[in-house]
2 protein chains.
Amino acid sequence: MSAWMAYLTASHLLERRIEEQLKADSGLTHAQYEILAKLSAAPGRRMRMTELARSAVVSKSGLTYQIGRLEKRGLVARVACPSDERGVLAVLTDRGMSCLEKTAPGHVAVVRAFLIDQLTPEELAGMTRIMSKAAAVMASPYGDDPTGMTGTRGTRGTTNTTGMTSTAGTGVAGV
Amino acid sequence: MSAWMAYLTASHLLERRIEEQLKADSGLTHAQYEILAKLSAAPGRRMRMTELARSAVVSKSGLTYQIGRLEKRGLVARVACPSDERGVLAVLTDRGMSCLEKTAPGHVAVVRAFLIDQLTPEELAGMTRIMSKAAAVMASPYGDDPTGMTGTRGTRGTTNTTGMTSTAGTGVAGV
DNA sequence: TATGGGTTGTTCGAATTTGAACTACCGGCT
DNA sequence: AGCCGGTAGTTCAAATTCGAACAACCCATA
């Protein structure tokens, strides 16, 4: 549990560094950066609000706010969803993309310098495996027993609601 | 960097779970819990505002706010610092302590279930080492080169400003 | 002992975040 | 066609965070 203590302070400090660097370097919030990154990696550089929210792990209202902000800066645009009248697609604009590309290097540098580079190859692999598993477990909407005696497994399938024929590749991956 | 992606979502999800459990279980915020935990582990269950802020990794103003909140609930008390006229000591009250003891088990359960228990002993050890090192690096006030070609080392010494002769032991450790 | 740079904690305003309430739309069934 | 439980996004109020500005205090030095 000294592990937990360490994790806590490290994550907080890292978040600070990231926020600092990002803000100074491009006026973006870490939350905003994550949103842009997710969009850049999505087919057609667009995503339904709800899925984007789930993907970035923010509340729906939080996303609405942030998208509004990004829209005002011209980095993202809102488009009506063709397949669903109520739906809204957040689309990464060209300006948004170039902003992301311009910002990514510095951001990556921070993450690497303070976290990734501290790991040996094995540790990195372990970390990936661990965090992925943890994320998978916590991703299930509910019914998880914190005491840990349930044993869920669930996988989720996604449907193409974007009306795109899969463009884009890896985008400016989260990093 | 899939490591970073995984880390990001996992940490966000974990934070949510923690917040949820904590709020439902005792009306505390994770930030508040961390503050109480830090205090419980401090000699005399008290700490100077600034050090507490640094320890919990929150801004000074943030701590002031949170301590005010906790004080209003009677979990913490503000005491004038004997050795420094401007200083303020945040003291964990008995009610605060029992609240913490009452809350800790559930909190620990969540952290373990979703993160710790996912790790093998070696991974746990690795995680501890890594996060500790990262935290140490990022803790230095400034002058750190994200590109990583400086090589600082610095250690910090603390002075006993609490006017206590070292009571308390491990407290309800951060867990 | 007066001075000046540095520290301490609080206050203030601005930015974010979240959950609840709400409106509009989707789809299966009758 | 009409109904109904459910979903999508937005709006709203409340809570929290941070940084800058402040007033009070510490202390090494002239």
Side-chain angles (χ1 to χ4, degrees), chain A residues 12-13 15-20 22-24 27-35 46-73 76-91 141-142 159 161-162, chain B residues 12-13 15-20 22-24 27-35 46-73 76-91 141-142 156 158-159 161-162:
Chain A
H12 285 162
L13 288 172
E15 182 61 26
R16 284 207 158 187
R17 297 284 180 156
I18 290 176
E19 210 76 56
E20 172 189 19
L22 230 36
K23 194 103 59 183
L28 286 175
T29 300
H30 189 195
Q32 298 179 329
Y33 182 91
E34 288 190 68
I35 291 173
R46 65 197 57 206
M47 245 192 261
R48 286 290 293 272
M49 293 295 278
T50 298
E51 182 180 323
L52 182 51
R54 195 168 32 205
S55 170
V57 192
V58 282
S59 63
K60 286 188 299 176
S61 47
L63 181 61
T64 294
Y65 174 78
Q66 226 46 78
I67 289 292
R69 201 111 311 240
L70 291 170
E71 195 176 21
K72 208 161 297 177
R73 278 186 60 176
V76 161
R78 265 187 242 250
V79 179
C81 177
S83 63
D84 190 332
E85 198 57 41
R86 4 169 230 179
V88 172
L89 290 172
V91 185
Y142 228 79
T159 315
T161 34
T162 58
Chain B
H12 285 160
L13 288 172
E15 183 60 26
R16 285 207 156 186
R17 296 286 181 154
I18 290 176
E19 210 76 57
E20 173 188 21
L22 229 38
K23 193 103 59 185
L28 285 175
T29 299
H30 191 196
Q32 298 179 328
Y33 183 91
E34 289 190 70
I35 290 173
R46 65 197 58 204
M47 245 193 262
R48 285 291 293 271
M49 293 296 276
T50 297
E51 182 180 324
L52 182 51
R54 194 168 34 204
S55 170
V57 192
V58 281
S59 63
K60 285 187 301 175
S61 47
L63 182 62
T64 294
Y65 173 78
Q66 228 41 84
I67 289 292
R69 201 110 313 237
L70 292 170
E71 194 176 22
K72 207 162 295 178
R73 279 186 60 175
V76 161
R78 264 187 242 251
V79 179
C81 177
S83 62
D84 190 331
E85 198 58 39
R86 352 161 242 186
V88 172
L89 290 172
V91 186
Y142 227 81
R156 191 171 343 306
T158 313
T159 317
T161 35
T162 57

Report the residues that fulfil side-chain hydrogen bond (donor to acceptor under 3.5 Å, both in side chains) with A:His12, sequence neighbours left out, ordered by chain and then residue number. none
Using the 3.5 Å cut-off, write out each protein N or O paired with an N or O of nucleotides 3-6 of chain C and the distance between them.
unit_1: C:dG6; atom_1: N2; unit_2: B:Arg86; atom_2: NH1; d: 3.2

Please name all residues satisfying side-chain hydrogen bond (donor to acceptor under 3.5 Å, both in side chains) with A:Arg73, sequence neighbours left out, ordered by chain then number. none
Rounded to 10°, tell me the angle between the two end axes of the helix from C:dT1-D:dA30 to C:dT30-D:dA1, each built from five pairs. 0°
Who pairs with B:Glu85 by side-chain hydrogen bond (donor to acceptor under 3.5 Å, both in side chains), at least two apart in sequence or on another chain? none
Not counting sequence neighbours, which residues clear side chain to side chain contact (heavy atoms under 4.5 Å, CB included) with B:Ser55? List them please. B:Lys38
Enumerate the residue pairs fulfilling salt bridge (charged side-chain N to carboxylate O under 4.0 Å, His left out) with a member in residues 61-72 of chain A, sequence neighbours excluded, ordered by first and then second residue. A:Glu71-A:Arg78
Might you list the N or O atoms of the protein lying below 3.5 Å from N or O atoms in nucleotides 13-16 of chain D, with each pair's distance?
unit_1: D:dT16; atom_1: OP2; unit_2: B:Tyr65; atom_2: OH; d: 2.8

Just to be sure I understand the rule, does A:Thr64 reach a base, reach only the sugar-phosphate, or reach nothing, if contact means heavy atoms closer than 4.0 Å? base
Can you sort out the partners of A:Ala31 under side chain to side chain contact (heavy atoms under 4.5 Å, CB included), two or more places apart, ordered by chain and number? A:Thr29
Who are the side-chain hydrogen bond (donor to acceptor under 3.5 Å, both in side chains) partners of B:Glu15, not counting sequence neighbours? B:His30
Please enumerate all residues that pass side chain to side chain contact (heavy atoms under 4.5 Å, CB included) together with A:Ser59, with sequence neighbours excluded. A:Ser61, B:Arg16
